[in-house]
Each structure stands twice: as structure tokens, then as C-alpha cells.
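Heads up: the structure comes next, in C-alpha cells.
Just so you know, residue 1 is the first one in the sequence shown, and it goes up from there.
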Amino acid sequence: MVGLRVQREIWNFVILLLLTLSASALFAVVFYPEHGWLTATFIGVASGLTIGTPVILWFLSLQSALGRRLRRLPLAANFAISSTVIASLLCAGHYLAYRFFWPVNPQGFLGATMVSESMLFSILMSCAISYSLELRRLIGPGVFGAFLFGRYRYPRTEQRLLLLLDLVGSTALAERIGAERFLDFIDRWIHDLTDPLMAAEGQIYRYIGDEIILTWPYSPHAAERALVMVQALTARLAANAETYRRQFGEAPLMRVAMHAGSVVTGEVGDIKREITYLGDTVNTAARIAGECRQHQALVLASADSLRGVVLPSGLSRHDLGAVPLRGRSEPVALALVRQQ
């Protein structure tokens, strides 16, 4: 799981760096053709490396523990700190780029226009990247691209894996510690979910009270990643159990349901748009989650979601056969996935 996360961060760095170098080279060729396209391209690429690399590394660091701490600050404080860091990096990068790469004019110094144009260009690019990352965080990884390119502008049928995570004993806990502290409890639980979910390349579909619905485009490999994610999250919650007990008097325990099948996916809403999933698969997943209360297992999964799946190390499967579910005329084949 860590390997997948590292690979993705490296890939993101490479993509952002290539985009920065391309834009910087294009800027130099278009605005300063008097140097010749080959020289201008070299200047642009060298400047892009010098100016862009530290800023890109800063943006990527926001996906780490440092970024999580900043995101817990008020939005204004978060922006103030990030803007100060970016401005400092841009100033230092421009000084080094102009000191070593850009040719001087006959009077022996760089023109003010050249410096201001390049600074403005860098600031606009940084703002565009920062805005995109923040918008991606608000909408959710995987969902941002779907909105941006209109993937679900019109309804489409697809195969989806759904994972429903529900807190055990949440009603009693909320009554004991109060609604405000219970909200902090849920927020802490969701933060502990973040790294395992990103490593498993899943998407958060919806928060519903003390329940989280996660989703993947269905494949046996996606189901395997989802099970590894549940293992990782369970281990993380166990490691942080004492902290939870100290802060809230209780550590979180989860019920997990998994189902896969055909869903209709599309955008809904006007002043607030979201991507929604409809169909019998979604309803059945909710029914399986309700059935979790009757069983002790890491995950209660439908046979459909486990078809072709090789269970991750440390897990075993116990088939329950066809189980009647409330609200369904036909029973559903279920299986318990347990820690060995």
C-alpha cells in the first residue's frame, strides 16, 4: 500500500514538473523570440526547474502529515501560511534563475518588465495549481476529474464496488460525550481513514452521519485493494486506540459491508452539484450493512463482490449462503471475511 502511495506521489511530481517546464519554455519562446527559439527554450526549461521545483515539492508536501495539520487550521490561516511559503520560494527561484540563466541587456542588468512578467506568470501558475488542489480536496480525489471533463454529465451505467463503513455504538457514544465532541470523534476517524484510502485508490462517495460510503470502479483487484485498506485502517485504529480513549473515552469499532454490481452514475443538482449512484446495487449494499449487526467479522461481503478475488494475506472467507435481506424479495449470497 505504501508503495502505491509513493509511486503516485512520484508520478504527480513528474506530471507537474513536465507541465511547469513546458509552460516555462513556451513563455520564454513567445515573449523573448530575440534570443532564438533554441536558446529561449533552454532558458525557459532551466528557469522552470529552478523556480518550479521547490514550489511543486511544497504542493506535494501538502499531501503529507504537514498538509493535514495545515488543513485543520482555519482556511484563512491555511492560505496565509501557504501563500507566504510560495511567495518566498518564487522570489528565491527567480533570483537564482535570473542570476544564472537569463542574459542581461547591454546596460548589464535585467529589465524590470522581464522580471515582472515572469513573476506574474509564475504567480498565476501557482494560483492555478493551488486552486485546483483545493477544489480537488473539496470535491474529492477521483471526482474532480469526472466533473472537470463531464464524465457523468449524462447518466451512464457502470460496474461499481461499494464499501460501507459504520461506527459501532455511535448513538450511545454521542449521548455520552455530546454532539460537538462526537463530531470531533468522527472527524478524527475520517482522518485516520485518509492514508489507507488514498493508497487503495478509492473514492469517498458520501458521509452519512456516522457512516462513510466508499467506491471503486469494480474489478477483483479493486476488491482486493479495498480489503487491504480495511486491514490497514483497522490496524491504524488499534494503534491509536489509547489516544481515542484518552480524548473521547472510547476507541472506534467498525462494521464494514461490501457489495458490487451495476449502478447508474450521473450528476445531479443545480446550485450544488454532486455525482450520485443509483440502482439496486446501492440499495443492496445498504441492506448488507444492516445485516452486519448479526455477525462478527472484519467485512460482510456479497459473493458478487468477492468473485475472482484472491484474499490478502491474513484474511479468511466463510460463506453464509443465500441470506434474506430486509426489503428484498430474493436472498443474497453473503460471506464473512475474517482476520486469521
Are the charged groups of [X] and [Y] less than 4.0 angstrom apart, N to O?
X      : Y      : value
Arg326 : Glu291 : no
Arg206 : Glu211 : no
Asp184 : Arg188 : no

_Under the side chain to side chain donor-acceptor pair (under 3.5 Å) test, residues paired with Arg317 that sit two or more places apart_ = Asp319
For residues [X] and [Y], report the shortest heavy-atom separation together with the two atoms involved.
X      : Y      : value
Arg245 : Ala251 : CG-N, 3.9 Å
Pro196 : Ala232 : CB-CB, 4.1 Å
Gly249 : Arg176 : O-NH2, 4.2 Å

_Using ring-ring contact (aromatic ring centres under 6.0 Å, His included), reason through Tyr244 and Phe185 one step at a time and then give a plain yes or no._
CA-CA 8 Å; Tyr244 277 99; Phe185 181 87; 5.6 Å; yes
*Which distance, rounded to the nearest 0.5 Å, do you find between the CD1 of Ile212 and the CD1 of Ile204?*
6.5 Å
*How long is the gap from CZ on Arg225 to CG on Leu163, to the nearest 0.5 Å?*
12.5 Å
_Can you confirm whether Arg255 sits close enough to Arg293 that some side-chain heavy atom of one is under 4.5 Å from a side-chain heavy atom of the other?_
yes
*Distance only, no hydrogens: is a donor on one side chain within 3.5 Å (strictly under) of an acceptor on the other, for Tyr218 and Ser305?*
no
*For the residue pair Thr265 and Arg160, confirm or rule out a side-chain donor-acceptor distance under 3.5 Å.*
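Judged by distance alone, the side chains do not pair up.
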